[in-house]
S.K.: 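Pasting a structure here, questions to come.
Not measured: the values here are computed from a predicted model.
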Amino acid sequence: MLLTTSNKFGKILISSDAVKIMAAHTALECYGVVDLVSRRFSDNFSRAFSKSELGKGVNVQIIDNLVYVEVSAVLKVGVNIEAVKKSLMDAVKFSLETFTGMSVKRVHVDVVGIRV
């Protein structure tokens with residue numbers, strides 16, 4: 001699916017894969033996030049036969065040019081989970097709105113596990 005926007009320079013199309021990769025990079029840079037993991041078996045199965053792990057753990061839906069993002073993260077032991085979730089949501093939303101120029105309606109963070 002493509003995200004479509006236009007400005008004074010013309011029409012811009014951004015693939016959902018590019019949005020996923022940007023969200024995953026931003027999430028991994030947040031303090032307290034150790035890893036991102038996929039919640040669907042089909043993603044894990046396809047990853048077994050592919051070397052590309054870009055965008056893993058991020059699900060992006062584009063509905064009426066609004067972006068909905070779901071991030072499945074493993075957090076570091078000893079961090080304040082709610083604070084890290086809030087920071088992660090804010091960082092991903094800001095990054096995607098800056099990158100795409102579109103409105104991010106919702107960023108949902110699932111904490112899948114805790115790791116040392």
S.K.: What heavy-atom pair brings L36 and V33 nearest, and what distance separates the two atoms?
M.R.: CD2-CG1, 4.3 Å

S.K.: Which residue pairs pass the side-chain hydrogen bond (donor to acceptor under 3.5 Å, both in side chains) test when at least one of the two sits in residues 22-32, sequence neighbours left out?
M.R.: T26-S95

S.K.: Can you name the residues that form a side-chain contact (heavy atoms from CB on, under 4.5 Å) with F94, not counting sequence neighbours?
M.R.: T98

S.K.: Identify the heavy atoms of A91 and C30 that sit nearest to each other, and give their distance.
M.R.: CB-SG, 3.7 Å

S.K.: Would you say I14 and L2 make side-chain contact, with heavy atoms under 4.5 Å?
M.R.: no

S.K.: Do Y68 and V58 sit in one hydrophobic cluster, given that two such residues count as connected whenever their side-chain heavy atoms are within less than 4.5 Å of each other, even indirectly?
M.R.: no

S.K.: So, using side chain to side chain donor-acceptor pair (under 3.5 Å) as the criterion, who are the partners of N80 when residues are at least two apart?
M.R.: none

S.K.: Work out which heavy atom in V71 is nearest to a heavy atom in A27; give both atom names and the distance.
M.R.: CG1-CB, 4.2 Å

S.K.: List for me each residue that meets side-chain contact (heavy atoms from CB on, under 4.5 Å) alongside V77, sequence neighbours excluded, and say none if there are none.
M.R.: I114, V116

S.K.: Who are the side chain to side chain donor-acceptor pair (under 3.5 Å) partners of D35, not counting sequence neighbours?
M.R.: K56

S.K.: Where is the tightest heavy-atom contact between L88 and A73, given as atom of each residue plus distance?
M.R.: CD2-CB, 4.3 Å

S.K.: What pair of heavy atoms forms the shortest contact from G55 to A24, and how long is it?
M.R.: CA-CB, 3.8 Å

S.K.: At their closest point, which heavy atom of V69 faces which heavy atom of A23, and how far apart are they?
M.R.: CG1-CB, 4.5 Å

S.K.: Scan residues 72-101 for pairs that pass salt bridge (charged side-chain N to carboxylate O under 4.0 Å, His left out), counting only residues two or more places apart or in two chains.
M.R.: K86-D90

S.K.: How many angstroms lie between atom CD of E70 and atom CG of D110, to the nearest 0.5 angstrom?
M.R.: 4.5 Å

